[in-house]
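The structure appears below as C-alpha cells.
Chain naming here is simple, since letters A, B, ... match the order of the sequence lines and numbering starts at 1 in each.
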There are 4 protein chains.
Amino acid sequence: MIEQGPKKSSRTVQKEARPKEIISAALNVFESNGFAGTRLDEVAKFAGISKGTIYLYFENKDELFKACVRETVGKPIAETLESATKFEGPTEKLLHELAEKIGNTFSDPGYRSIFFLIISEGKRFPNLVKFYYDEVITPSVSSLSNIIQRGVDRGDIKNSISQEDALLLLSPVIFINVWNRLFRNEKKIDLKETLHSHIDIWLNGTRPKKN
Amino acid sequence: MIEQGPKKSSRTVQKEARPKEIISAALNVFESNGFAGTRLDEVAKFAGISKGTIYLYFENKDELFKACVRETVGKPIAETLESATKFEGPTEKLLHELAEKIGNTFSDPGYRSIFFLIISEGKRFPNLVKFYYDEVITPSVSSLSNIIQRGVDRGDIKNSISQEDALLLLSPVIFINVWNRLFRNEKKIDLKETLHSHIDIWLNGTRPKKN
Amino acid sequence: MIEQGPKKSSRTVQKEARPKEIISAALNVFESNGFAGTRLDEVAKFAGISKGTIYLYFENKDELFKACVRETVGKPIAETLESATKFEGPTEKLLHELAEKIGNTFSDPGYRSIFFLIISEGKRFPNLVKFYYDEVITPSVSSLSNIIQRGVDRGDIKNSISQEDALLLLSPVIFINVWNRLFRNEKKIDLKETLHSHIDIWLNGTRPKKN
Amino acid sequence: MIEQGPKKSSRTVQKEARPKEIISAALNVFESNGFAGTRLDEVAKFAGISKGTIYLYFENKDELFKACVRETVGKPIAETLESATKFEGPTEKLLHELAEKIGNTFSDPGYRSIFFLIISEGKRFPNLVKFYYDEVITPSVSSLSNIIQRGVDRGDIKNSISQEDALLLLSPVIFINVWNRLFRNEKKIDLKETLHSHIDIWLNGTRPKKN
DNA sequence: AATGAATGAGGATTCATTCAT
DNA sequence: GATGAATGAATCCTCATTCAT
C-alpha cells in the first residue's frame, strides 16, 4: 500500500505555488525594466493575478526582488564545478564537459536574469551581492581552484597558475553573456562553442613544456 | 598676427561648460542608481545647480541620459585599438602595450560607468545600444581582427583564429570590470596585471608550432 | 415545573454569542485606533475568528461600528439616574450614592470606550450621536432635573438652579474621564473620590440660606 | 529714517506663509475626519494648493499632524492663568475675569480642534500628548493652584482645597466643549454663562464659614 | 457557518516637468 | 540664464469587501 501525504485542496496547491509564480513573473519584469523601473502592476498582470496578491506573499517590492535573487540564485554553476572535482581523467576532457554544462545552465533565461540584476542593482542591494558572493562565487572559485590544482598535479597544467588566472578560464562566460544581452541582434556569439575554443587555447597556453 | 575668435565672457564660458558639468554629475548618479532610480534633484545638487537648469540644456531625463552615453562613450578603446594596428614589432609587445592602455582607460570611473549603464539600461534605450555598437564595438572588433591578422601574418599567431577567438582576447576586460564592480569589497582583481597574464597564456596557446 | 425554551446546540449557542464577541473585540480596537484607523483584520484576530466571519454578522465596517455603540451604549447611567428619582432621604445622601454608582459604571472600559468613540467619530456618524442623545443624554438630563427639583422641594437646594447648573453636577465625570484617558500616565485622577468632593462643594454652594 | 528689513519678493512672502496656510487647512480637515480619515488631497484642496505642495513643507502626514498641534497648541489658557496670578482684588472678581478670557479663547475653532484631536488621536501620538501635558496642562494646573492658594491666603476660599478640587473649577470648560461638539444641534450650552454660574456655586461652596 | 485567498479601489508619497519671478 | 516653488501623474502599498472552498 502506498503511503499518502495529507490531501491538499486545490486552494492549498494554488497557495503554495503562488510565490513561485510571482517570482517567475517578477524576475521577468525586473530583468526587462530594472528594479526602479518595474511596476508591481505589471508583475501582477504578468503573473495573472492582482496587485494586492503580491503583498500576500511578499512584504514589499524590495523583498520581492530579494526573493527573486535568492530563489533563483545560480547554485547550478557552483554545484557543477563542485561535482567536477571528482572527475577522473584528463583535465582537457573535464573542462570541455564543464563547458557543456555551463552552457546548458546559462541557456535558462531566469538564470541569466539574476546575473544581470545583480550587476544592475547591486548598489541598491549590497546584502544581496554579499549573499551571491558567499553562495555562488566563493564555492565556484574554490572548486575551480581545485580543478586547476588537480590538473597541475596530473601534469596537465603547468605550475605557475594564480587564482586570477584560474578565474580567467571562465571569463568568457561573463563576456559572452554580456555581449549577447546587448548585441544579440547585431551579432550573436555562441557560448558553448566559444567556451570550448577558449579552453583549448587556455590549456594549450598553460601546458607544461615537455622535456 | 593670430586670428582670434570673438572673446567669450565668463558667462558665455560658463554656459558652454554647463552641459558637460551636468553630464558629469548625471553620469555619476545614473551609475549609482540606474536610470529610473536617479532623481534629477540629486543630479542638480551634485552639479551645484538647480533642478530647473537641467532643463535649459536637456529636453528631459531621457535625453540627458542619452547625452551622458553619447558624450562619454568609450571611443578611447576603439582609438587605442585603431592606432595599435600601425604598431611595428612583435605581437607580444603590441598586446602588452595595449593592455596597459586599456587598463588606463578603464581606470576612469566615467568610462566604466557608461559600460555598466549600457548593460543595465540597454533594454530601455535600444538606440543607444545600437549607437554604442556602431561607434565602439564595431571599430574595436575590426581593429582587433587586424591586429590578430597582423600577428598571423608575422607568424606570431597560428592560423586558425576565428573572430570570436579574437574577441576572447579582451574578455577579461569585461569580466574583471564586472567583478570589481560587484565584489571589489570582497576581493579586488587588478585589471592590468591579470590582462597581461591572460595575454601571455593566450599567445602561448595560439602560437604556431615550430617545425 | 419550569418551562424551558428549545435546547440549543453548542453550535447555536456559539452562533448567538458571535456578534457579541465580535462587538467586544471591535470596541477594543476602535477605541484604540479610531474608526478609520481600525483594520477588520485586527478585530478578527482579537475575536479569534477570521475576517470573513465578521461579514456574516455585520454588513460592513460602518454597521459594525454602529452596532458597537448601540449595543454598549450607556444606558446604565440613565437607568441609575432614573432609579435615583425614587430615592427617599436627603439629597446629599442621594447624590453621594449616585457618585458611587457612576464611578462603578465608568470603571468598565467598554463603557468608557463608547464615550470616546462618540467624541472622536461623531462627525462621521451623526445619526449615532442623535441616537446617543436620545437614548442616553435626554433621559439622563431629565432624571437629573427631577433629582434637583426634588432637592429644591425638600429644601436641600436653593431655588435658582438652571438646567445647565444641574448638568454641571456631572461635568467632572466627563472631565476626569478625558483627563485619565490622556494623562493617566502623568497623573491619574480618582473619579469617585473627586466626584464626592465636587458634590460636597456643589451642594454647599447651592444650599439655601437659613433664616 | 525708518529701518527696513530686506525686501521680500512676493514669492518669498508666499513661501513663508505656506506652512501656516497648510496647517490651518489641515487642522480643519483633521478635526472633521480624524487623522486616519483625512485625505491629504482634501487638505490640499482646502488650502487651495496641490497635493505635492504639502510635501514641500511637511515630511509626511504624521509630521503635518504634529505640526498642527504644536503650532496651535493652547498656550493662551496657560498664559491667561499665569497672568491671573498677578491679579489684585477679590478672588471672585479674578475668577469671573478668567471665565471671560477662557470663554474667548475657546471661541476660536482652531483652538477647540486641537483639544479634540488630542483626545481622539492621543493614542497614536503619545509624544504629542506628553508635549501637550508639559506645555499646556502642567503650567495651567500650577497657575490654577496659585490662584486658589492666593484665595485661601486672602480668606476668600476655605482651607481644605485639594489640587483635584482646584481642577474641578475648570471641569465645565471640558464638559461644555465636549457637549457642544456633540450636541450643539440638539441643545447648545453657553460656555461663558455656565462657567460664571459654576464659579459662583464653587466659590459659595468653598467659602470659609464666618464666625 | 467559517475560512482566508484574492481583489481593486483608495490614499500616501515621489519626482519629472513647468513656469513665474 | 537661473531659480526653486508648484504641479499632478505615476506608483507603492493598504485594507474593506467578496467568494470559492
Query raised in the report: Do C:K51 and F:dT17 share a donor-acceptor pair, side chain to base, under 3.5 Å?
Result: yes

Query raised in the report: Counting distance only, does the side-chain N/O of A:S24 pair as donor-acceptor with the main-chain N or O of A:K20 below 3.5 Å?
Result: no

For the pair made of [atom1] in [X] and [atom2] in [N], what is the distance, rounded to whole Å?
{"X": "D:N60", "N": "F:dC13", "atom1": "CG", "atom2": "P", "result": "15 Å"}
{"X": "C:F58", "N": "F:dT18", "atom1": "CZ", "atom2": "C1'", "result": "18 Å"}
{"X": "B:E63", "N": "E:dA16", "atom1": "CD", "atom2": "P", "result": "15 Å"}
{"X": "A:R18", "N": "E:dG4", "atom1": "CZ", "atom2": "P", "result": "17 Å"}
{"X": "D:E59", "N": "E:dA12", "atom1": "CD", "atom2": "P", "result": "16 Å"}
{"X": "B:L56", "N": "E:dT18", "atom1": "CG", "atom2": "P", "result": "12 Å"}

[X] bridged to [Y] by N-O distance under 4.0 Å:
{"X": "B:K123", "Y": "A:E31", "result": "yes"}
{"X": "A:E71", "Y": "A:K66", "result": "no"}
{"X": "A:R39", "Y": "A:E42", "result": "yes"}

Report task. Decide yes or no for B:I114 and B:I118: does some side-chain heavy atom of the first lie under 4.5 Å from some side-chain heavy atom of the second? Result -> yes

Requested in this report: May I ask you to test the B:F115-B:Y132 pair for a side-chain heavy-atom distance under 4.5 Å?
Outcome: yes

Query - Minimum-distance nucleotide (side-chain atoms of C:K61 versus F:dC12, F:dT17, E:dT3) - result: F:dT17

Query raised in the report: From F:dA6, E:dT3, F:dT3, pick the nucleotide closest to the side chain of D:Y57?
Result: F:dA6

**Report entry** Nucleotide opposite F:dT14 in a Watson-Crick or G-U pair, distances under 3.5 Å
**Finding:** E:dA9

Query raised in the report: Does E:dT21 have a Watson-Crick or wobble partner in any strand here, with both distances under 3.5 angstrom, and which is it?
Result: F:dA2

Query raised in the report: Which sits closer to the 5' end of DNA chain F, B:G52 or D:I54, going by the nucleotide each is nearest to?
Result: B:G52

Report task. Examine B:R124 relative to B:F35 and say whether NZ or CZ is less than 6.0 Å from the centre of the six-membered ring and inside a 45° cone about the ring axis. Result -> no

Query raised in the report: Counting just side-chain N and O atoms, does A:Y55 come under 4.0 Å of either OP1 or OP2 of F:dC15?
Result: no

Requested in this report: Tell me which residues in residues 28-50 of chain C put a heavy atom below 4.0 Å from DNA chain E, sorted by number, or none.
Outcome: C:I49, C:S50

